[in-house]
J.: 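Dropping the structure in here first, questions after.
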Amino acid sequence: MATETVAKPKTSARVHVQRFGTFLSGMIMPNIGAFIAWGIITALFIEKGWIPVPQLGGFGTNAEGVPNTGLVGPMITYLLPLLIAYTGGKMVYDVRGGVVGAIGTMGVIVGAGIPMFIGAMIMGPLGGWTMKKIDAIWDGKIRPGFEMLVNNFSAGIWGALLAMLGFYGISPLVQAFSTAAGNVVQFLVNNGLLPLTSIFIEPAKVLFLNNAINHGVLTPLGIQQSLDQGKSILFLLEANPGPGLGILLAYMFFGRGAAKASAPGAALIHFFGGIHEIYFPYVLMRPLLILAAIAGGMTGIATLAVTNSGLVAPAAPGSIIAVIAQTSRDSYLGVILSVLLAATVSFLVASLILRTTRHSDEADLGDATAKMEAMKGKKSSVSSVLTGAGAGGGVGVLTGPISNIVFACDAGMGSSAMGASVLRNKIKAAGFPDVKVTNASIANLRDTYDVVVTHQDLTERAKPATASAVHVSVDNFMNSPRYDEIVEMVQRSNAEGAEAPGEAGTSAGASASAAAGAAAGTGAATDASPETVAAPSDILVPESVVLTGSASTRDAAIDEAGQLLLARGAVDEDYIRAMHEREESVSTYMGSFLAIPHGTNAAKDHIRKSAVSVIRYPEGIDWNGKQVKFVVGVAGVNNEHLHILSSIAKVFTNKAQVAQLEAATSVDEVLELFGKVNA
């Protein structure tokens with residue numbers, strides 16, 4: 001039977017384009033400093049610059065009547081393309097590939113006679129890749145003492161051949177492409193159609209395809225246009241911070257919950273830091289907001305076109321500071337207007353959408369951020385801002401090393417125990433076994449923890465009792481991306497702390513946990529780790545395991561799990577009703593096809609003894625929009641059930657074991673997979 005964990009993910013066309021864009025970005029971004037240097041020299045010293053200097057700007061003639069070469073032309077014609085080519089070749093085959101790629105690019109540069117950025121992006125990686133393949137031919141076959149001779153001559157000979165190939169073959173093709181692309185851009189400008197490019201650029205940004213567009217097409221064409229005209233509008237087609245700022249401002253005024261609370265911080269990072277990805281989750285929460293981004297982008301481009309404004313070089317990152325620094329001398333008014341008007345239009349459209357559509361921003365910001373990271377293919381460097389101030393998680397003020405983390409849920413015996421087990425294993429694997437990870441009910445929380453982890457619907461309830469802690473919100477207790485952020489916080493705080501993990505921090509965490517338990521009137525055992533709790537031999541018995549459940553809905557599945565507990569004499573009828581109450585307040589869906597319904601904190605009096613039931617639904621049932629194939633009913637007294645929940649958590653974080661559970665044909669197989677939990 002297929003599972004979500006064994007199915008091989010397909011690589012979409014979007015991912016291929018995204019990877020291509022990332023590769024292009026990898027050639028351009030390390031050399032942005034050189035682009036900025038060229039932009040400054042151009043803005044200052046060309047004939048229309050702030051401080052015209054013929055010898056530096058490359059205009060006029062010297063005393064002998066020879067035209068001044070200057071710095072502007074040689075830098076843009078030779079330095080920048082060669083840097084890009086070297087970087088691209090090095091990405092493929094280290095320094096050797098970079099050198100050969102740069103040699104080959106020289107042929108393209110001389111053959112074309114114009115800045116060859118696209119040619120450099122082709123020849124650099126091509127030189128590195130072909131040199132790598134050639135070296136593989138005689139790898140291990142060179143006689144000792146001749147390695148340097150062979151390596152140097154092979155690189156020199158192949159580099160010379162590539163330079164000739166670039167001169168006669170690649171150069172005409174790239175020049176023709178550049179000319180055609182330039183003609184298309186000019187056609188759009190002449191016919192007032194350039195603003196329509198926002199229809200493609202703004203959605204591409206949100207899908208992380210912007211690097212392919214910006215660094216693959218707009219930057220090379222913009223550099224050529226800037227060389228000819230002293231500025232280019234193309235540098236601001238993608239980098240204008242106005243559209244994103246307008247969306248974030250709209251959330252500040254008309255958003256709700258986590259989105260509204262986190263929008264001010266996101267706006268600062270976006271506008272002044274130039275990290276545009278910070279606003280992508282806000283659009284992903286409300287896909288209709290892409291219309292606001294498009295409207296803002298079109299307005300900004302139209303303003304630039306009407307005022308004939310542009311930048312002299314790329315603005316990277318897309319910060320207002322970088323934009324102003326690269327603005328042409330005659331374009332400050334137009335550029336500033338384009339940013340302001342783009343933000344205004346985007347704000348108005350986004351405000352209308354937010355005001356006229358109903359949506360739960362707070363519930364979905366974490367999902368949208370996770371979706372953004374999934375599309376990006378890696379963890380976002382700024383996602384903690386989105387899951388922090390507003391979502392109740394992320395970055396807080398730590399006064400010392402993290403030694404005490406608590407998972408809190410309504411009852412403190414199901415979801416939180418599972419989440420604590422998963423995170424505890426991650427933190428141990430990271431090399432911090434002495435960091436205490438416990439679980440508790442929200443009612444028993446005290447302000448003695450370093451980090452508090454809760455379901456996103458419970459964060460606001462947990463904050464008043466633990467105001468000094470860092471709060472992290474999750475929506476998936478089994479495999480939330482927030483766990484990796486917590487591990488990073490632990491690593492960072494313990495590295496920066498005065499004491500190494502496992503020394504004073506350990507005792508402090510233990511005493512804090514004990515204090516929390518004592519204050520709650522339950523003793524330290526309330527927060528005991530699953531590994532330290534004695535496991536009675538009858539918590540999970542064969543008759544409480546059902547391989548094929550009969551329920552077809554969430555509520556029926558809760559009843560079925562509860563009836564197994566009732567049949568064991570572990571609970572009374574009121575506890576089953578409390579299981580439904582718990583589900584209505586906060587979902588017990590854990591991720592990995594698993595749900596663990598259990599009663600509310602107030603229903604603990606209806607538990608007679610600890611027990612767990614396990615039901616499998618091979619076809620899956622709809623659990624608040626999530627597919628669930630395993631329902632684990634939980635009832636626990638004095639944390640006796642925590643050991644088995646820890647075992648279950650370990651199983652459901654292991655892809656292979658989830659697949660084995662789905663394929664199990666006997667109850668004994670299921671019990672065996674849970675690691676002899678009753679031992």
J.: Check ring pair (Phe, Tyr, Trp, His ring centres under 6.0 Å) between H270 and all other residues, then give those that pass, not counting sequence neighbours.
T.: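 Once residues adjacent in sequence are excluded, the partners of H270 under the ring pair (Phe, Tyr, Trp, His ring centres under 6.0 Å) criterion are H276, Y279.
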J.: Under the 3.5 angstrom rule, does the side chain of S331 hit a backbone N or O of T327 as a donor-acceptor pair?
T.: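 No, S331 side chain to T327 backbone: no donor-acceptor pair under 3.5 Å.
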J.: Could I get the full list of side chain to side chain donor-acceptor pair (under 3.5 Å) partners for T87, not counting sequence neighbours?
T.: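 With sequence neighbours excluded, T87 shows a side chain to side chain donor-acceptor pair (under 3.5 Å) to N31, given in chain and number order.
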J.: Excluding sequence neighbours, so at least two apart, what forms side-chain contact (heavy atoms from CB on, under 4.5 Å) with A292?
T.: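 For A292, the residues satisfying side-chain contact (heavy atoms from CB on, under 4.5 Å) (neighbours in sequence not counted) are I247, S346, V349, A350.
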J.: To the nearest 0.5 angstrom, please state how far the CG atom of N240 sits from the OG1 atom of T303.
T.: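 So the CG of N240 and the OG1 of T303 are separated by 9.0 Å.
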J.: If you compare all heavy atoms of G192 against all heavy atoms of P195, which two are closest, and at what distance to 0.1 Å?
T.: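 Nearest pair, atom of G192 first, then P195: O-CD, 3.7 Å.
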J.: For L311 and V323, which heavy atoms make the closest approach, and how far apart are they?
T.: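 Scanning both residues, the minimum pair turns out to be CD2-O, 3.6 Å.
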J.: Measure the CD1-CG distance between I353 and L348 for me, rounded to the nearest 0.5 Å.
T.: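 Going from CD1 on I353 over to CG on L348, the span is 11.5 Å.
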J.: Around atom OH of Y332, are there more than 12 heavy atoms from other residues, nucleotides or ligands closer than 6.0 Å?
T.: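 Correct, the count exceeds 12.
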J.: Calculate, to the nearest 0.5 Å, the distance between atoms CD1 and CG belonging to I201 and L196 respectively.
T.: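 Here the interatomic distance stands at 11.0 Å.
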J.: Let me see the working for V472 and M489 under side chain to side chain contact (heavy atoms under 4.5 Å, CB included), right down to the final yes or no.
T.: CA-CA 11 Å; V472 178; M489 276 198 293; 4.1 Å; yes
J.: I'd like to know whether W623 forms a side chain to side chain contact (heavy atoms under 4.5 Å, CB included) with F593, so could you lay out the CA-CA distance, the side-chain angles of the two residues, the decisive distance to 0.1 Å, and finally the verdict.
T.: CA-CA 10 Å; W623 202 281; F593 299 138; over 6 Å; no
J.: Quick one: do I76 and W38 satisfy side chain to side chain contact (heavy atoms under 4.5 Å, CB included)? Show the steps, please.
T.: CA-CA 7 Å; I76 195 68; W38 175 80; 3.6 Å; yes
J.: For F35, what residues pass the ring pair (Phe, Tyr, Trp, His ring centres under 6.0 Å) criterion, not counting sequence neighbours?
T.: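 Once residues adjacent in sequence are excluded, the partners of F35 under the ring pair (Phe, Tyr, Trp, His ring centres under 6.0 Å) criterion are F117.
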J.: Say you draw a straight line from CD1 of I301 to CD of E238; how long is it, rounded to the nearest 0.5 Å?
T.: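 CD of E238 is found 10.5 Å from CD1 of I301.
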J.: Can you list, pair by pair, the side-chain donor-acceptor contacts under 3.5 Å of residues 334-342, counting residues two or more places apart and other chains?
T.:
| residue | atom | partner | partner atom | Å |
| --- | --- | --- | --- | --- |
| S338 | OG | V335 | O | 2.6 |

J.: Tell me the side-chain hydrogen bond (donor to acceptor under 3.5 Å, both in side chains) pairs involving residues 308-317, sequence neighbours left out?
T.: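 Sorted result for residues 308-317: T307-S309.
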J.: Going by side-chain contact (heavy atoms from CB on, under 4.5 Å), name the residues that satisfy it together with Y168, two or more places apart in sequence or in a different chain.
T.: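 Per chain and number, Y168 pairs via side-chain contact (heavy atoms from CB on, under 4.5 Å) with no residue.
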J.: How many angstroms lie between CG in L248 and CD1 in I269, if you round to the nearest 0.5 Å?
T.: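 Spacing of CG (L248) from CD1 (I269) equals 10.0 Å.
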J.: What are the two closest non-hydrogen atoms of A34 and L80, and how far apart are they?
T.: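 Closest heavy-atom pair between A34 and L80: CB-CD2, 3.5 Å.
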J.: Checking D330 now: which residues fulfil salt bridge (charged side-chain N to carboxylate O under 4.0 Å, His left out) with it, not counting sequence neighbours?
T.: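 D330: salt bridge (charged side-chain N to carboxylate O under 4.0 Å, His left out) contacts with K231.
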J.: Mark yes or no for whether N191, through its side chain, and F187, through its backbone, hold a donor-acceptor pair below 3.5 Å.
T.: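 A pair under 3.5 Å: yes.
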J.: Taking only distance into account, with no hydrogens and no angle test, what donor-acceptor pairs under 3.5 Å do side-chain atoms of residues 97-107 form with protein atoms, sequence neighbours excluded?
T.:
| residue | atom | partner | partner atom | Å |
| --- | --- | --- | --- | --- |
| T105 | OG1 | G101 | O | 2.8 |

J.: State, to 0.1 Å, how close L354 and G255 come at their nearest heavy-atom pair, and which atoms those are.
T.: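 Taking L354 first and G255 second, the nearest heavy atoms are CD1-N, 4.4 Å.
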J.: Donor-acceptor pair, Y251 side chain versus Y282 backbone, under 3.5 Å?
T.: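 Answer holds: yes.
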J.: What's the shortest heavy-atom distance between S198 and P203, and which atoms?
T.: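 Minimum heavy-atom contact is O-CD, 3.6 Å.
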J.: Excluding sequence neighbours, so at least two apart, what forms side chain to side chain donor-acceptor pair (under 3.5 Å) with T130?
T.: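 Only W158 meet the side chain to side chain donor-acceptor pair (under 3.5 Å) criterion with T130.
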J.: Quick one, L237 and L194 - any side-chain contact, counting heavy atoms below 4.5 Å?
T.: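 The answer is yes; the side chains approach within 4.5 Å.
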J.: With sequence neighbours excluded, what pairs up with E47 under the side-chain contact (heavy atoms from CB on, under 4.5 Å) test?
T.: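 Checked E47 against side-chain contact (heavy atoms from CB on, under 4.5 Å); matches are F59.
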J.: Would you give the length of the straight line joining atom CD1 of I621 to atom NZ of K629, rounded to the nearest 0.5 angstrom?
T.: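 Taking CD1 in I621 and NZ in K629, the distance rounds to 12.0 Å.
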J.: At their closest point, which heavy atom of G166 faces which heavy atom of V108, and how far apart are they?
T.: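 Where G166 meets V108 most closely, the heavy atoms are CA-CG2, 3.6 Å.
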J.: Could you pull out all residues at least two apart from N624 that satisfy side-chain contact (heavy atoms from CB on, under 4.5 Å)?
T.: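 So N624 forms a side-chain contact (heavy atoms from CB on, under 4.5 Å) with R554, E583, S587.
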